[in-house]
A.B. asks: 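Quick one: structure below, then a few questions.
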Amino acid sequence: MARAAAGGRTHRKCLWPALGVSMLDVKLLRDDLDQVKKRMATRGTEIDWDEFVALDRDRREALANLEKLKEKKNRLSGEIGKLKKRGGDAAALMREAEEVSESIREGERPVTEIEAGFEKFMLRLPNLPNSGVSIGRNADDNKEVRRWGEPPQFNFQAKNHWDIGEELEILDFARAAKLAGARFALYKGAGARLERALINFMLDLHTGERGYKEILPPALVNRAALTGTGQLPKFEEDLFRIETPEYFLIPTAEVPLTNVHREEMFEREDLPIKYVAYTPCFRREAGSYGQDVRGLIRQHQFNKVELVKLSEPETSYDELEKMVQDAEEVLRRLKLPYRVIELCTGDMGFSAAKTYDLEVWLPGQATYREISSCSNCEDFQARRAQIRYRREKKGKPIFVHTLNGSGLAVGRTFVAVLENYQQKDGSVLIPEVLRPYMGGLEKIG
RNA sequence: GGAGAGAUGGCCGAGUGGUCUAAGGCGCACGCCUGCUAAGCGUGUGUACCUCAAAAGGGUACCGAGGGUUCAAAUCCCUCUCUCUCCGCCA
């Protein structure tokens, strides 16, 4: 097993030891900048590459200078020590050493500044898309991979889940607004139980035959954790933050789960690691005013069952396919129609190298809506979080690949159940696989 | 919140100002030896960055984190974080 950070010891190093400020491999940028530019451009993000070249050059120059001075200082100090031991007079050497030390102090200031600038630049670079991902500008260029199930045909006008929920008195948005504000929900009675049933059903499926280990992590995390997975420093405005002491509410369990093994070293036989967690998730939804203002689709707080894997680089894409299957299986057992979308380069998230979205059919909107997003981040997060393993006992440490996927977003699954299982009389049938979790209840209303 | 103790390499653990690249042990790797096994002997054993076309080699940094004193810090001083013990409070 990996050396656990628990058990008396905390992080041994600062987040980025020495100058390993890596999210993308600095050497790759240096050696193959043209390729990197091209691939990064497919994301549609503007990046000032001249700034990178300048920062990198300045940094190396300043560093080389400083290190030369330090070498001299170390040499002089050694000589002083030996001389004193023999009882000699080291006054002259000490004067010289003092001057060198003074130069070092002066040289350190610019180096610190340059490195801070370099680090800031690097931490804001998104991941490189995997070369197999199709190039596109936005969601319109995404590819549908497959579909499962048939959208139900109703002989009545399909209702939105918020109407269904409020009429059945299992959802109450008005009172939730009284408690907190817009984008919060109150689940009541069978509604609360249905949400809980979904959580338990998903956890049982993933921990059972699918072999994930259940984790119940903190819902508040620190800055280092969010930097490790890539939410920080760039997306702070999307997060709820608590001051004194500073904590952030997790926007997804991907953050705590991926960071469980931050700054740890694995052996090959430890991998892959498969975790599943149910947590509430919290998002500011800044900049999404006017979108999905009604209903459960876009909330400040929502429940999610999340899957995370740490794997060897060679198998990470197989693991991604399996993870998508694991998420799909939830929808299949619930008999909810869905399709699988492969995101194009322009539509992927900051940390992802490749992403599949699962979209569930919502009769109320007569459209497919995202219910899961499964990504391979390759070594992007592992670099930031320093999660490595040794392929051989004496081998060099290698960054693991990290994957995450919703399995599933519970609130949206709730929506899908209400809308797909609605009946003409306004009641909602309970999917068969959920009935054991609902005390045998077959229908709400 | 109060009082105290602690944080050292893959692991255990020594080390209170200069034998600089951290004793010793365990583990691991390679080699030797013993008819097999067990044991034994020898050698080696971190990470990151810079330099070099590459390798070799050289350099710098890292003993929880940050800052300070000093020619010189694992070692002295300050701040912080985390862990453990006791007290208080608390779901």
Side-chain angles (χ1 to χ4, degrees), chain A residues 1-32 55-112 114-116 118-119 122 218-225 227 244-247 259 261-270 379 382-400:
Chain A
M1 223 6 233
R3 159 184 49 72
R9 192 127 39 79
T10 50
H11 338 116
R12 303 172 316 156
K13 302 260 154 76
C14 66
L15 231 190
W16 304 281
L19 224 253
V21 206
S22 38
M23 21 59 57
L24 294 179
D25 189 349
V26 184
K27 290 198 185 90
L28 178 71
L29 295 198
R30 216 176 270 155
D31 298 344
D32 209 356
L55 281 169
D56 185 47
R57 186 196 54 221
D58 293 351
R59 182 181 140 257
R60 284 197 277 177
E61 220 174 83
L63 213 53
N65 261 329
L66 190 61
E67 285 185 357
K68 239 174 265 166
L69 286 172
K70 285 185 172 175
E71 181 191 358
K72 190 171 179 188
K73 181 199 76 173
N74 288 344
R75 190 157 33 81
L76 287 171
S77 290
E79 283 169 23
I80 290 168
K82 279 182 213 151
L83 194 56
K84 283 203 162 184
K85 201 150 244 178
R86 289 198 306 261
D89 177 15
L93 279 178
M94 282 170 68
R95 261 195 309 279
E96 194 183 347
E98 192 164 2
E99 278 168 33
V100 175
S101 284
E102 182 53 35
S103 315
I104 289 171
R105 267 190 290 277
E106 275 168 31
E108 262 168 354
R109 232 168 297 130
V111 169
T112 309
I114 292 166
E115 290 199 335
F118 186 73
E119 177 176 308
M122 294 299 282
L220 298 183
V221 297
N222 57 33
R223 204 168 263 282
T227 308
T244 57
E246 183 181 77
Y247 288 113
N259 278 283
H261 298 292
R262 180 152 48 91
E263 290 159 64
E264 290 185 19
M265 185 85 74
F266 290 99
E267 284 165 34
R268 187 173 196 174
E269 52 269 29
D270 300 325
D379 64 4
R383 285 176 182 281
R384 294 178 155 241
Q386 296 287 310
I387 310 168
R388 297 173 296 176
Y389 80 107
R390 285 184 211 278
R391 203 166 272 162
E392 292 133 24
K393 283 273 183 253
K394 298 264 89 183
K396 279 239 155 233
I398 300 165
F399 291 111
V400 303

A.B. asks: Side chain of A:N74 only, please: which of B:G46, B:C50, B:U60 is the nearest?
C.D. replies: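 Ranking B:G46, B:C50, B:U60 by closest atom to the A:N74 side chain puts B:U60 first.
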A.B. asks: So does A:R60 get a side-chain nitrogen or oxygen closer than 4.0 Å to the phosphate oxygens (OP1/OP2) of B:U51?
C.D. replies: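 Answer yes for this pair, as a side-chain N or O of A:R60 is under 4.0 Å from OP1 or OP2.
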A.B. asks: Is there a donor-acceptor contact under 3.5 Å from the side chain of A:R59 to the main chain of A:I114?
C.D. replies: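 No; zero donor-acceptor contacts below 3.5 Å.
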A.B. asks: Using the P atom as the reference point in each nucleotide, state the distance between B:C90 and B:C78 in Å, no decimals.
C.D. replies: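 My reading of the P atoms in B:C90 and B:C78 gives 34 Å.
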A.B. asks: In whole angstrom, what separates A:I104's CD1 from B:U70's P?
C.D. replies: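 Rounded to whole Å, this separation is 15 Å.
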A.B. asks: Provide the distance between the two C1' atoms, one in B:A7 and one in B:A65, to the nearest whole Å.
C.D. replies: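 The answer is 11 Å between these two C1' atoms.
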A.B. asks: Write down the distance separating the C1' atoms in B:U75 and B:A91, rounded off to the nearest Å.
C.D. replies: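 So the two C1' atoms sit 44 Å from each other.
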A.B. asks: Assign each of A:G81 and A:A64 to its nearest nucleotide of RNA chain B by heavy atoms, then name whichever residue's nucleotide is nearer the 5' end.
C.D. replies: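 Its nearest nucleotide lies further toward 5', so the answer is A:G81.
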A.B. asks: With heavy atoms under 4.0 Å as the rule, sort A:R390 into base, sugar-phosphate or nothing.
C.D. replies: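 Sugar-phosphate, backbone atoms only, no base.
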A.B. asks: Any idea which of B:C49, B:U60, B:C71 is nearest the A:K70 side chain?
C.D. replies: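 Of B:C49, B:U60, B:C71, B:U60 is nearest to the side chain of A:K70.
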A.B. asks: Starting at CG of A:L63 and ending at P of B:G59, how long is that distance when rounded to a whole Å?
C.D. replies: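 About 16 Å, once rounded to whole Å.
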A.B. asks: One pair to check against salt bridge (charged side-chain N to carboxylate O under 4.0 Å, His left out): A:D379 and A:R383. What are the steps and the verdict?
C.D. replies: CA-CA 6 Å; A:D379 64 4; A:R383 285 176 182 281; 3.2 Å; yes
A.B. asks: Check every atom of B:G46, B:C49, B:U60 against the side chain of A:E71 and return the nucleotide holding the closest atom.
C.D. replies: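 The listed nucleotide nearest to A:E71's side chain is B:U60.
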A.B. asks: Which base sits across from B:A14 as a Watson-Crick or G-U pair, both distances under 3.5 Å?
C.D. replies: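 Matched B:A14 with nothing under the 3.5 Å cut-off.
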A.B. asks: Look at the side chain of A:I80 and decide which nucleotide, out of B:C50, B:G18, B:U47, has an atom nearest to it.
C.D. replies: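 Per side-chain heavy atoms of A:I80, the pick is B:G18.
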A.B. asks: Strictly below 4.0 Å, N to O, side chains only: are A:E102 and A:R105 in salt-bridge contact?
C.D. replies: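 Salt bridge: yes.
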A.B. asks: For atom C1', what is the distance between B:C63 and B:C20, given to the nearest Å?
C.D. replies: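 Per the computed distance, 16 Å lies between those C1' atoms.
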A.B. asks: Provide the distance between the two P atoms, one in B:U37 and one in B:G31, to the nearest whole Å.
C.D. replies: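 Roughly 15 Å separates the two P atoms.
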A.B. asks: Please determine, for the side chain of A:S77, which listed nucleotide (B:C71, B:U60, B:U51) has the closest atom?
C.D. replies: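 That would be B:C71.
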A.B. asks: Whole angstrom is fine here: how far is it from CZ in A:R57 over to C1' in B:C49?
C.D. replies: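 For the pair A:R57 CZ and B:C49 C1', the rounded distance is 19 Å.
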A.B. asks: Which whole-number value in Å describes the distance from A:M94 CE to B:G17 C1'?
C.D. replies: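 Spelled out: CE on A:M94 to C1' on B:G17 is 13 Å.
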A.B. asks: Could you check which of B:A48, B:C71, B:C50 has an atom nearest any side-chain atom of A:S101?
C.D. replies: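 From the listed options, B:C71 comes nearest.
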A.B. asks: Would you check if the side chain of A:D270 reaches a backbone N or O of A:E267 as a donor-acceptor pair within less than 3.5 Å?
C.D. replies: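 Yes, because the side chain of A:D270 sits within donor-acceptor range (under 3.5 Å) of the backbone of A:E267.
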A.B. asks: RNA chain B: A:L93 or A:P397, which has the more 5' nearest nucleotide?
C.D. replies: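 Upstream on the strand: A:P397.
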A.B. asks: Do A:F399 and A:Q386 touch side chain to side chain, with heavy atoms closer than 4.5 Å?
C.D. replies: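 The answer is yes, as the side chains (C-beta and beyond) meet within the 4.5 Å cut-off.
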A.B. asks: Using the P atom on both, measure B:A14 against B:C71 and round to a whole Å.
C.D. replies: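 Going atom to atom, P in each nucleotide, I get 33 Å.
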